[in-house]
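Reviewing the structure listed below.
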Amino acid sequence: MTATSKLPFIIIGGGIGGLAAALALSQRGFSSLLLEQAAEFGEIGAGIQLGPNVFRMFEKLGVTAEINKLAVFPESLMMRDSITGEEVTTIRLDDKFLQRFKYPYGVIHRADLHRVLLEACAKSDLITLKTSQKVTSFEETDGRVVVKTLAGDIYEGTALLGCDGLWSIVREHIVGDGKPRVSGHVTYRAVLPTSEMPEDLRLWSMVIWAGEKTHLVQYPMRGGELFNLVAVFHSDKFAEGWDAYGDPTELHERFAKTCAPVRTMLGKINSWRMWVLCDRAPIRDW
């Protein structure tokens, strides 16, 4: 190993991706310095779906046991017509599914997943976690990377990993393709205590109620204590936004023609968090 390789990998962003990257590097014997711009580590959002490929990675990262304690394992994936309420198709998540994909399908609260990864990183002597570190610039020099923060701190590393999301400063430096592209759709998310969920809709499944330019996703979380509700619809009212409060009036207008179960679930929520769905064009060469 060269002298440069003794420097840590610098990771920008302390979300799920950044923590997973640090943990993966540590298992190969590499040290890392993870810089998070917020004052404390945390995860915005509610539920997240975990496919078999993710559980394969959990196994490699050594966190499967902790994830299994917090995840919910639905009986099926179901699509229903949001207008008629009819079942369109169902995929059973049974032994046959496990035989084919080798790993299960689950759902989990994002904060729970983030906490498992954060605690695993905190236990590693090879990982240094720093908060309140907003990176403003970086440059490559003499086979190493130098990172500067808003607070005036300077860090040197053997390489830089950008895990800083859709508005990545790393991407802007390398690609320079401006702001993300607004898709024209917005997502409203909320969690509903199971006690407030109609009994006939307390399905131990990941259900998508699909309609024209709208869909609603529901599934249980935290051992069945909560249901995650995610409503997606076309809207041109928002240019950009993340974790803002949504407009219930527009939501109910967009879902006005849906069946009674969908309207009932939407009516149970008084306050929605909203984010605008954005995308970026594929990059041929980095």
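Bear in mind the structure is a predicted one, so any value in this text is a computation, not a measurement. Numbering of residues begins at 1 and proceeds along the displayed sequence.
- The aromatic rings of His185 and His234 lie perpendicular to each other, with more than 60° between the two planes, well past the 30° mark.
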### Task
Dump the intermediate steps for side-chain contact (heavy atoms from CB on, under 4.5 Å) on Thr149 and Lys130, then the final yes or no.
CA-CA 12 Å; Thr149 71; Lys130 287 184 175 288; over 6 Å; no
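- No continuous path of ILVMFWY side-chain contacts below 4.5 Å connects Ile83 to Val88, so the two sit in separate hydrophobic clusters.
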### Task
For the pair Val207 and Leu201, evaluate side-chain contact (heavy atoms from CB on, under 4.5 Å) and give the outcome as yes or no after the intermediate values.
CA-CA 10 Å; Val207 184; Leu201 296 174; over 6 Å; no
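- Once rounded to the nearest 0.5 Å, the distance linking CG of Leu35 with CG of Asp153 reads 9.0 Å.
- When the shell of 6.0 Å around CZ of Arg56 is examined, it contains 12 or fewer heavy atoms from other residues, nucleotides or ligands.
- For the pair Phe55 and Asn68, the minimum side-chain heavy-atom distance is below 4.5 Å.
- Clustering ILVMFWY residues whenever any of their side-chain heavy atoms sit less than 4.5 angstrom apart, transitively, puts Leu126 in a cluster other than the one holding Leu61.
- With contacts defined as side-chain heavy-atom distances shorter than 4.5 Å, the pair Tyr219/Val72 does not qualify.
- Proximity of Leu77 to Tyr105: side-chain heavy atoms (C-beta onward) are separated by under 4.5 Å at one or more points.
- For Glu250 and Arg254, the salt-bridge test passes: some basic side-chain N is under 4.0 Å from an acidic carboxylate O.
- Tracing side-chain contacts under 4.5 Å through hydrophobic residues (I, L, V, M, F, W, Y), one reaches Val217 starting from Met79; they form part of the same cluster.
- Each of Leu117, Val116, Leu113 was evaluated against Glu66; a single residue qualifies, Val116, per the side-chain contact (heavy atoms from CB on, under 4.5 Å) test.
- Ion pair Asp177/Arg171 flagged as a salt bridge, since at least one NZ, NE, NH1 or NH2 atom sits closer than 4.0 Å to an Asp/Glu carboxylate oxygen.
- The side-chain heavy atoms of Trp167 and Glu172, taken from C-beta on, include no pair separated by under 4.5 Å.
- Phe255 places none of its side-chain heavy atoms less than 4.5 Å from the side chain of Ser82.
- Distance check, rounded to the nearest 0.5 Å: CD of Glu156 to CD1 of Ile154 gives 8.5 Å.
- Judged by distance alone, with hydrogens and angles left aside, the side-chain atoms of Asp94 form a donor-acceptor pair with the main-chain N or O of Phe97 at under 3.5 Å.
- The structure places CG of Asp164 at 7.5 Å from CD1 of Ile169, a figure rounded to the nearest 0.5 Å.
- Between Leu251 and Ile269, every side-chain heavy-atom pair lies at or beyond the 4.5 Å cut-off.
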### Message
Run Phe233 and Val186 through side-chain contact (heavy atoms from CB on, under 4.5 Å) and show every step you take.
### Response
CA-CA 6 Å; Phe233 59 93; Val186 297; 3.5 Å; yes
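- In this structure, Leu150 shares a hydrophobic cluster with no other residue, the cluster being traced through Ile, Leu, Val, Met, Phe, Trp and Tyr side chains under 4.5 angstrom apart.
- Ring geometry for Phe41 versus His114: interplanar angle of 30 to 60°, hence tilted.
- Side-chain contact between Phe138 and Tyr155: absent, with no pair of heavy atoms (C-beta onward) separated by less than 4.5 Å.
- A heavy-atom distance below 4.5 Å is not found between the side chains of Val54 and Ile67.
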